[in-house]
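Throughout, numbering of the chain's residues begins at 1 and tracks the sequence. Atoms considered below: every heavy atom in the structure, side chains included; atoms not considered: hydrogens, waters and symmetry mates.
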Amino acid sequence: MKVKDEKASLWTLPNRLSIIRILFVPLIIIFISTEEEELIFAACLLFIIAGITDGLDGYIARKMSMKTKLGLYLDPIADKLLVTSVLITLSYYRLVPLWITLILVGREFLINGLRSFYATEGITIYPSFSGKLKTALQIVGIICILFYSSFYKLDQLIHRLGLIILYAALFFSIYSAVHYIIAIFRMPKKT
């Protein structure tokens with residue numbers, strides 16, 4: 001993977017999309033914490049937009065040759081901040097079981113810690129397909145739960161569907177973490 005020279009603009013469209021995603025996090029959390037249906041629905045819409053920017057920034061960076069070193073770090077930070085913050089908030093309001101959130105968030109700390117450690121050695125660990133699938137499932141599951149929470153009068157089927165999707169995300173979270181750890185320990189040692 002080629003990374004654009006850092007002398008080029010850091011404010012590429014993909015990096016701006018990642019920053020927008022980060023800026024949405026406090027708004028989403030505030031809207032959820034009001035426990036008002038209209039504002040939870042607004043949080044759901046913001047989360048959907050943020051989820052779309054997650055896929056869009058990577059696509060634009062690859063297709064338009066806008067990859068930057070900043071983007072390599074900013075995009076995953078934006079993803080993790082968005083998903084983990086909302087999961088923690090949903091667990092606080094008892095919409096997502098705490099044990100699911102603890103495993104998903106703990107996995108993020110573990111893998112990002114390993115990535116950071118190896119980055120200091122000049123080794124970049126790229127996301128796997130299962131890791132990307134985990135993120136997509138988390139986003140879809142959270143959207144279902146937020147949608148249900150904004151319309152309590154709806155059948156609980158949407159909430160259950162969101163939880164089932166989060167269980168699938170949990171499976172891929174554990175699977176991809178094991179995959180990363182095995183790959184890391186199989187890396188040739190520097191001499």
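Nearest approach of A169 to K134, heavy atoms of both residues: O-CG, 3.4 Å. In terms of heavy atoms, C144 sits closest to G162 at CB-CA, 3.6 Å. Counting all heavy atoms, side chain and backbone alike, G131 lies closest to S176 at N-CB, 3.7 Å.
Note on L39: it clusters hydrophobically with L23, by side-chain heavy-atom contacts below 4.5 Å among ILVMFWY residues. Residue I49 is grouped with residue V83 when hydrophobic side chains (ILVMFWY) are merged at heavy-atom distances under 4.5 angstrom, including chains of intermediate members. Under the 4.5 Å side-chain contact rule for hydrophobic residues, I77 and L82 do not share a cluster. In the hydrophobic clustering of ILVMFWY residues, with side-chain heavy atoms under 4.5 Å counting as a link, I103 and I164 come out apart. Using a 4.5 Å cut-off between side-chain heavy atoms of Ile, Leu, Val, Met, Phe, Trp and Tyr, with links allowed through other members, L166 and Y92 fall into the same hydrophobic cluster.
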Exercise for the section: Please assess L146 against F31 for the test side chain to side chain contact (heavy atoms under 4.5 Å, CB included), listing each intermediate value before the final yes or no. Expected result: CA-CA 11 Å; L146 284 173; F31 289 168; over 6 Å; no
Problem - Intermediate values then yes/no, side chain to side chain contact (heavy atoms under 4.5 Å, CB included), I32 and L95 - result: CA-CA 11 Å; I32 294 170; L95 294 165; 5.6 Å; no
Problem - R107 and Y180: CA distance, side-chain angles, deciding distance, side chain to side chain contact (heavy atoms under 4.5 Å, CB included) verdict - result: CA-CA 11 Å; R107 181 257 186 216; Y180 284 129; 3.2 Å; yes
Practice task
Might you work through the side chain to side chain contact (heavy atoms under 4.5 Å, CB included) test for I60 and L17, ending with a clear yes or no?
Solution key: CA-CA 10 Å; I60 292 170; L17 291 174; 4.1 Å; yes
Practice task
With salt bridge (charged side-chain N to carboxylate O under 4.0 Å, His left out) as the test, would you mind laying out the steps for D57 and R16 before giving the verdict?
Solution key: CA-CA 8 Å; D57 63 359; R16 288 178 187 185; over 6 Å; no
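Within the 4.5 Å cutoff, the side chain of F47 has no heavy atoms near those of the F24 side chain. For the pair T84/L104, no side-chain contact is recorded, criterion being any heavy-atom separation below 4.5 Å from C-beta on. L170 has its side chain within reach of W99: a pair of non-hydrogen atoms, C-beta onward, lies under 4.5 Å apart. Two residues are said to be in side-chain contact when any heavy atoms from C-beta on lie closer than 4.5 Å; Q138 and I165 fail this criterion. In this structure, the side chains of P97 and L163 come closer than 4.5 Å at one or more pairs of heavy atoms. Counting only heavy atoms from C-beta outward, the side chains of L74 and I22 approach each other to under 4.5 Å. Side-chain contact check for P14 versus D75: every heavy-atom pair is 4.5 Å or farther apart.
Of the N and O atoms on the side chains of T68 and N15, at least one donor lies less than 3.5 Å from an acceptor on the other residue.
Note that CG of L81 is 11.5 Å distant from OG of S18, once rounded to the nearest 0.5 Å. Taking CD1 of I20 as the start and CG of L13 as the end, the distance is 8.0 Å to the nearest 0.5 Å. With rounding to the nearest 0.5 Å, the separation of OG in S173 from CG in L110 is 9.5 Å. Here T101 contributes atom OG1 and L87 contributes atom CG; the two are 4.5 Å apart, rounded to the nearest 0.5 Å. Rounded to the nearest 0.5 Å, atoms OG1 (T53) and CG (D79) are 8.0 Å apart. Interatomic distance, CD of Q156 versus CG of L161, reported as 12.5 Å (0.5 Å rounding).
Heavy atoms from other residues, nucleotides or ligands lying under 6.0 Å from OH of Y59 number 12 at most. The environment of Y93 atom OH is dense: over 12 non-hydrogen atoms of other residues, nucleotides or ligands sit within 6.0 angstrom.
Here the side chain of R62 pairs a donor or acceptor atom with the backbone of G58 at under 3.5 angstrom. Between the S91 side chain and the I88 main chain, no donor and acceptor come within less than 3.5 Å of each other. A donor-acceptor distance shorter than 3.5 angstrom exists from the side chain of N112 to the backbone of E108, with no hydrogens or angles considered.
The aromatic rings of Y175 and F171 sit parallel to each other, their planes meeting at less than 30°, with 60° as the upper class boundary. Aromatic ring pairs are classed by plane angle as parallel below 30°, tilted from 30° to 60° and perpendicular above 60°; the pair Y148 and H159 is tilted.
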